[in-house]
Undergrad: 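Please read through the structure below; I'll follow up with questions.
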2 protein chains.
Amino acid sequence: MTPADSSKPQESRGREAATRARKESVLKAALECFVEKGIEHTTIHQIQARANCSIGSLYHHFGSKEGIAEELFLEGVQQQNAALLREIRSAGNAEEGVHAVVGAYCDWSTGNRQLASYLHSRDIDFSGQARSRLREIHQLYIREVFIWFAPFVERGEMRALPLETYVPLISGPIQEYIRRWLSGHHPGSPEEVKALFAEAAWSAVKA
Amino acid sequence: MTPADSSKPQESRGREAATRARKESVLKAALECFVEKGIEHTTIHQIQARANCSIGSLYHHFGSKEGIAEELFLEGVQQQNAALLREIRSAGNAEEGVHAVVGAYCDWSTGNRQLASYLHSRDIDFSGQARSRLREIHQLYIREVFIWFAPFVERGEMRALPLETYVPLISGPIQEYIRRWLSGHHPGSPEEVKALFAEAAWSAVKA
DNA sequence: TTTTTTACTAGAACAAAGTTCTATATTAAG
DNA sequence: CTTAATATAGAACTTTGTTCTAGTAAAAAA
């Protein structure tokens, strides 16, 4: 490959930057392929072609096809979590907090459709390492959310429920709606029903 | 293979029965493998070995590995839908109907853990044909459910909402809970929280 | 600057797994 | 009994993910 390749925008601006750019171009190419054709039906060669890089380069950076799928997933989850946390923290009370969770999930998903679709994939064959990393990321996120909501439960503004029921009660409906919407199963836009789902969520957990 | 093989229980009792038995033994073997290792990491040879059949036989009956995955999925969905419909129809009013949906989903999933796990798979690369068959099955089921609930909406006992929001509102939370429970993400048993989810569902759609 | 080391790129060679193909056996029908 | 259709078997083939060896470019050391 010639050095003047398009995937190296910041020519010789340090190797790290170039590496990061390359990795991102691969992740971008992979995301497009995965969403279009599914992970299994995407070949390494297709990713390679779209990202303008060689097999060697691909394996050097990611180790395997699953490595790409994993990194993409973890990055996506973190991005989504960050977006949700930001919104939650700007809420002033429990009800606003619940609305923030539902609303932010909805907004992020409509604003990042490809990544959102990808995050709905199950069956990504995570390595043990990636699996535990994912758990860790999830725990960290959940912990933050619960710390934010805990005071309202203590003050009796929210119901005290088994911990593992809050996420399904609050996020379950919007998640299911968005999943169906993303896969083109039905018409109607999330924007129109956002409030409805937020209210349902709130009434499920309010005291 | 010898004719006295264990996978042909009803020796020479008509070919159809034998064929059905063989196909079922394959589906059973495949389900176990898929749930244990995931679809992609299950090889044809593993299925073949567990089902005690040859490659030729496998491809004769199912056409491909995906063919097996598809048939298993469709069969599972139909079985689940039938179980839910049965429960719904035995309900006497809208509230009981909603409780039936949530309760039956919960019961069926705990009573058919492997199949339930499998049905939570996304990314089964359905062929166009299987995809439309799945749509058809789903439409048929949804239609039945809506026919059952429609009178209650008309009578004003249930809210009139955008059609595509009912399923997420009623089934979203329990589905998400069960999904997490099946993948061993949390303790607590579905039985303990069934009522909670049913009540939340009802309060989301009651007038 | 020159040398040396490290990170990265490249693609041919390899191996694993899904699928096809040909041959054979079994059952049902004429 | 012969014939046709269905089912089973496994070897051969093909696709595709991965490894391996070689080479290049950038940073570090001399």
Side-chain angles (χ1 to χ4, degrees), chain A residues 1-27 29-30 33-34 37-71 124-127, chain B residues 1-27 29-30 33-34 37-71 124-127:
Chain A
M1 194 169 98
T2 77
D5 191 278
S6 62
S7 58
K8 276 187 191 169
Q10 290 170 334
E11 202 60 51
S12 326
R13 271 287 181 81
R15 182 145 56 172
E16 287 173 37
T19 298
R20 198 167 24 245
R22 155 105 341 154
K23 287 190 73 173
E24 260 169 42
S25 85
V26 171
L27 289 176
C33 290
F34 289 164
K37 307 183 257 261
I39 296 173
E40 189 162 0
H41 280 167
T42 296
T43 71
I44 289 289
H45 289 276
Q46 290 167 341
I47 297 175
Q48 193 210 113
R50 264 203 225 204
N52 261 307
C53 78
S54 70
I55 298 180
S57 191
L58 237 159
Y59 276 85
H60 174 74
H61 290 298
F62 296 97
S64 69
K65 181 176 157 182
E66 270 178 35
I68 302 174
E70 286 172 357
E71 193 155 331
I124 299 172
D125 290 304
F126 286 104
S127 64
Chain B
M1 192 167 100
T2 78
D5 190 279
S6 63
S7 59
K8 275 188 191 169
Q10 291 171 333
E11 201 60 50
S12 324
R13 271 289 181 78
R15 183 144 57 172
E16 286 174 37
T19 298
R20 198 168 24 246
R22 156 110 330 162
K23 286 191 74 172
E24 259 167 43
S25 85
V26 171
L27 290 176
C33 291
F34 289 165
K37 307 182 256 261
I39 297 174
E40 188 161 2
H41 280 168
T42 297
T43 71
I44 289 288
H45 289 276
Q46 290 165 341
I47 297 174
Q48 194 208 114
R50 265 205 224 202
N52 261 307
C53 78
S54 69
I55 299 179
S57 191
L58 236 159
Y59 276 85
H60 173 73
H61 290 298
F62 296 97
S64 69
K65 181 176 158 183
E66 271 177 37
I68 302 174
E70 286 171 357
E71 194 155 330
I124 299 172
D125 290 305
F126 286 104
S127 64

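For clarity, every value in this text was computed on a predicted model and none was experimentally measured. A note on names: the letters A, B, ... follow the listed sequences, proteins ahead of strands, and every chain is numbered from 1.
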Undergrad: Just grab all the salt bridge (Lys or Arg N to Asp or Glu O under 4.0 Å) pairs involving residues 37-58 of chain A, residues at least two apart or on different chains.
TA: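 Every pair satisfying salt bridge (Lys or Arg N to Asp or Glu O under 4.0 Å) with a residue in residues 37-58 of chain A: A:E32-A:R50, A:E36-A:R50.
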
Undergrad: Whether B:S54 contacts D:dA7 is assessed here as follows: a side-chain N or O lying under 4.0 Å from the phosphate OP1 or OP2. Is that the case?
TA: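 It does not, given that no N or O in the side chain of B:S54 lies less than 4.0 Å from OP1 or OP2 of D:dA7.
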
Undergrad: Mind calculating the distance between CD (B:E16) and C1' (D:dA7) to the nearest angstrom?
TA: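 My rounded result for the distance is 13 Å.
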
Undergrad: Test of understanding: with salt bridge (charged side-chain N to carboxylate O under 4.0 Å, His left out), list the residues that count as partners of A:E71, not counting sequence neighbours.
TA: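 A:E71 satisfies salt bridge (charged side-chain N to carboxylate O under 4.0 Å, His left out) with A:K23 once adjacent residues are dropped.
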
Undergrad: Distance check: side-chain N/O of A:R22 vs OP1/OP2 of C:dC8, anything under 4.0 Å?
TA: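 No, outside the criterion.
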
Undergrad: Which letter, B, S or -, goes with each nucleotide of nucleotides 15-21 of chain C from 5' to 3', with contact meaning a protein heavy atom under 4.0 Å?
TA: --SSBB-

Undergrad: Can you check the B:H60 NE2 to C:dT22 C1' distance for me, whole Å?
TA: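 In whole Å, C:dT22 C1' and B:H60 NE2 are 15 Å from each other.
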
Undergrad: Which residues pass the side-chain contact (heavy atoms from CB on, under 4.5 Å) test with B:E24, sequence neighbours left out?
TA: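 Scan of B:E24 (side-chain contact (heavy atoms from CB on, under 4.5 Å), adjacent residues dropped) gives B:R20.
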
Undergrad: Rounding to an integer number of Å, can you tell me how far B:L58 CG sits from D:dT8 C1'?
TA: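 About 11 Å, once rounded to whole Å.
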
Undergrad: List for me each residue that meets ring-ring contact (aromatic ring centres under 6.0 Å, His included) alongside A:F126, sequence neighbours excluded, and say none if there are none.
TA: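 ring-ring contact (aromatic ring centres under 6.0 Å, His included) check on A:F126 returns A:F73.
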
Undergrad: Is there a donor-acceptor pair under 3.5 Å between the side chain of B:E70 and the backbone N or O of B:S127?
TA: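 Looks like yes, one N/O pair under 3.5 Å.
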
Undergrad: Does B:I55 have any side-chain contact (heavy atoms from CB on, under 4.5 Å) partners at least two apart in sequence or in another chain, and if so, which?
TA: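 Here the qualifying residues are B:H45, B:Q48, B:Y59.
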
Undergrad: Can you find a side chain N or O atom of B:S57 that sits less than 4.0 Å from OP1 or OP2 on D:dT8?
TA: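 For D:dT8, OP1 or OP2 has a side-chain N or O of B:S57 closer than 4.0 Å.
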
Undergrad: Using whole Å, what does the distance between atom C1' of nucleotide C:dC8 and atom CZ of A:R20 come to?
TA: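 After rounding, the gap between these two atoms is 16 Å.
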
